[in-house]
Amino acid sequence: MGEPMVSGVTTVAAGWAVFAAVLLGLLALFAAALDGVATARAERSVAAGGGGRPGGGRRGLAVPLLEAARLLRQCRRVPVASDVLLWRVGVAGLPVLALLMVAVVPLGRWTLFDLPVGVVWFNAMDVAVWAAVWLAGWGPNSAHSLVGGYRFLAYGLAYELPLMFALVAPAVAAKSLRVGDIAAAQDGLWFAVWMPVAFLIYCMGALAFSVWGPFSPALGADVAGGVSAELSGADRLLLLAGRYALLAAGAAFAVPLFLGGGAGPLLPAWAWSLLKTVVLLAVLVLLRRRLPAVRPDRFMEVGWLILLPAALLQDLVIALVAIGRQ
Amino acid sequence: MGVNQLLARYAARRAHVLVVEVPGCWTLRVAAERGVTDRGWQVTGTPADADALLVCGSPGADLIELVDRVWDQLPGPRVRIELEDIANLDEALESAAAQLADIDRHRNDALTRQTSPDPTGGHETDEHRADEGMDHHARHEGMDHHARHEGMDHADTSHAGHAGHAGMHHAGMDHSGQEIMDRGEHSSPDHSAPQAMDRSGHEVMDRSGHQAMSHGSDEGMDHTSHEGMDHSGHGGMEMAPHGIPLAGRGEDRDGLEMDVLHLALGPVLRYWPAGLVLTVALQGDLVVDATVELLEQTRGCDDGDDDLSAATAARLVDHAADVLALSGWADGASRAARVRDLLLDGRSEEAELALRRLHRRVARSWLLRWSLRGAGRLDRQVLDRHDLPAWLEGDAYDRLLAILDGTLLESLQDRDGHGAAQPAGAATAMVRALPRLVSGLDLAEVRLLVASLALDTAAVPAEARHG
């Protein structure tokens, strides 16, 4: 069924999209469970001398399933005069966008969608997250949600340009915007190694478009949950799942772009892709509890005065090397 | 039935609980939160996410009313727990778990209520839905397609005396009290060309920008209240979709005209002093004006004959936990909560060790310092002007360190080393000064500032609560 491409990546039948969705869902579930364990460990009772009550940190493992059961059962609450259509579009947009992101990520040798401009596609999807989060904040007609929406846009203004230029670096080095080509171009040397600045900025961007960790004030406790303040039941479940899915998609895309794709000894290519994704995802998940939030107004300065010039310099260096090699 | 039962069983193992602290019931609230997390449940900060509403202490009349309105906002299945004594905690949570798993009970509850909470204050019984006005979810239409129209001050004009909407102006709960009013410059409707109104005088507007008026009654409007308004330029209708007036506008700090929303912070708000209600006027997320109110002190809770010194220390660390949680550092907040729990359990040596470790981490974290630096800065002149204690000098980060390094605790202790509650004078001065202190800050800074004051609202004497 597949036709071989220049990059050695095979496009699989469209039906495999279901498999991709399931895989993304499993990765999101893994992320949620890991966060559940980390949280249960940190919040364990002092009474039991550190070990916690029966179950301890292990209890966190079941959290995503219990939460899902809880939210599936919970009624949907609709605030008065809310913009229900836009609200739901925004909330449901997150998991959909995550799925569209992974559509261009090859799993080892197979890909769903071997776009010649895969990098641009990914970038377009992550920009669309702006709209989704903003609509989710706007829709419920609540000041806290709205403030959450503002905050996300403020981050967006600061992280998006550095992220775009970070995505440019691997593309320049591989002389292609096709994700499979970029993975193939890292012969022996991962792009993460010789363009570390771009890799770090990319990871920060992935945290930011997932509204995760230091970039979570859009869902902050100080505004009663911000964008999520009025969400209940299935709507909340979609938003939370979408957030984990975006984080997983961000980690998955980093693999062909910076971490050598499916390359690796012994294991088959798909296993390496998956393994690298899981490891990076775990790191991103565990960062959440460890880092304080970066306030949006503070981050604006960093984004424009440090990250953007750093990303541009990285691009310049990469471009010079690429020219020199010819 | 099988699936429902199964979902219910799993769901009851992971209930999210909205905790309300009655002023003076700090010990009870902390015990309740511990009980909740120990069960593997979670404390939540918004009614939309809550399965259970846990009221710690016996609330006064004003708080009861607010709690009732928060209760209306729980999506359901929902359980309400009134906890007055620590001794009943386990039992109360156990019965809440059983009730949550009881399917029939929630089916009946769900059938008798609306999907949107009732704004009018008549709980659960009100049947009309079309023209609900509510304080919870005021619309901010003025920001986009309705930018040319100004809202009006609801309280003074249109709905005065309108029984159905009397509930609109209760200073609200955390995110429930978002009354949107115009501050001052009401533009007026063109009275010479009255628009059709529906029976109740509330036109529901659609989203495409059609105008509606929200005058109170058919039999003549209160024209006197519109005196002196400008009739120029604006289409000038009071826009009130669903009976909610639109945002009014005012000049922002750059001299541009911008919407003003009114939002009540507290008293049902996590990481917030009990019983404190700060009503802020917001432009974007910037506070331009504020008024403060303290809920009536009820008889509070009997905190027993605990070691006052340890209780004071625990309370201070709890404020540090609030600051850390608001700063977004989840691990830091958990650590502070552990120190608090150790202190409350009388394990002072372990607590001291853990506190010292936490202090070191906070002092070393450049990211936390960078993020909190400058937040809620108070300088000497401001402190002097408002008679505030000297230790508040600096920003939220300085105050966080002062709380954690023990200097604050020492300053509260008397000569024998016995802890004391916060001096009434200092607490009163803080509450009085709040509106001035928060003006010009953004919402995040306001929350950090208030948490870092380590304000004990119960210390404010009754006679200082009004005025």
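Each chain gets a letter, A, B and so on, in the order the sequences are listed, and its residues count up from 1. No hydrogens, no waters, no symmetry mates; every other heavy atom, side chains included, goes into these values. Nothing here was measured: the structure is a model prediction, and the numbers come from that model.
Pairing each heavy atom of R338(B) with each of A42(A), the nearest pair is CD-O, 4.0 Å. Nearest heavy atom pair, residue A229(A) against residue A48(B), reads O-CB, 3.3 Å. Closest non-hydrogen pair, S371(B) versus R298(A), comes out as O-NH1, 3.8 Å.
Residue pairs meeting the salt bridge (Lys or Arg N to Asp or Glu O under 4.0 Å) criterion with at least one partner in residues 281-294 of chain A, sequence neighbours excluded, are D35(A)-R288(A), R289(A)-D331(B).
Neither the backbone nor the side chain of D322(B) comes within less than 4.5 Å of any heavy atom of chain A. In this structure, chain B has a heavy atom under 4.5 Å from the backbone of L231(A), while its side chain stays farther away. Proximity to chain A involves both the backbone and the side chain of A8(B), based on heavy atoms less than 4.5 angstrom apart. Both the backbone and the side chain of R373(B) come within contact range of chain A, with heavy atoms under 4.5 Å apart. For chain A, the nearby part of A50(B) is the backbone; its heavy atoms alone come within less than 4.5 Å. Both the backbone and the side chain of W370(B) come within contact range of chain A, judged by heavy atoms closer than 4.5 Å. Only the side chain of R447(B) comes within contact range of chain A, judged by heavy atoms closer than 4.5 Å.
The OG1 atom of T46(B) sits 9.0 Å away from the NE2 atom of H144(A) when rounded to the nearest 0.5 Å. The CD atom of Q42(B) lies 6.5 Å from the CD atom of E43(A); values are rounded to the nearest 0.5 Å. Put simply, CG on L372(B) and CZ on R295(A) are 7.0 Å apart, with the number rounded to the nearest 0.5 Å.
In terms of heavy-atom pairs under 4.5 angstrom with chain A, the leader among A337(B), P75(B), S334(B), G328(B) is P75(B). By number of non-hydrogen pairs under 4.5 angstrom with chain B, the leading residue of A69(A), S232(A), G233(A), C75(A) is C75(A). Considering only heavy-atom pairs separated by less than 4.5 Å from chain B, the leading option among L72(A), D297(A), V63(A) is V63(A).
In this structure, R77(A) contributes its side chain and Q73(B) its backbone to a donor-acceptor pair below 3.5 Å.
Inspection of non-hydrogen atoms places A221(A), D222(A) of residues 215-222 of chain A under 4.5 Å from chain B.
The environment of CZ in R361(B) is sparse: at most 12 heavy-atom neighbours from other residues, nucleotides or ligands sit within 6.0 Å.
Under the side-chain hydrogen bond (donor to acceptor under 3.5 Å, both in side chains) criterion, R70(A) pairs with E67(A), H16(B), D49(B), D51(B), not counting sequence neighbours. Considering only residues two or more places apart in sequence or on other chains, F30(A) meets the ring pair (Phe, Tyr, Trp, His ring centres under 6.0 Å) condition with none of them.
Contact check for P77(B) versus R73(A): side-chain heavy atoms found under the 4.5 Å cut-off.
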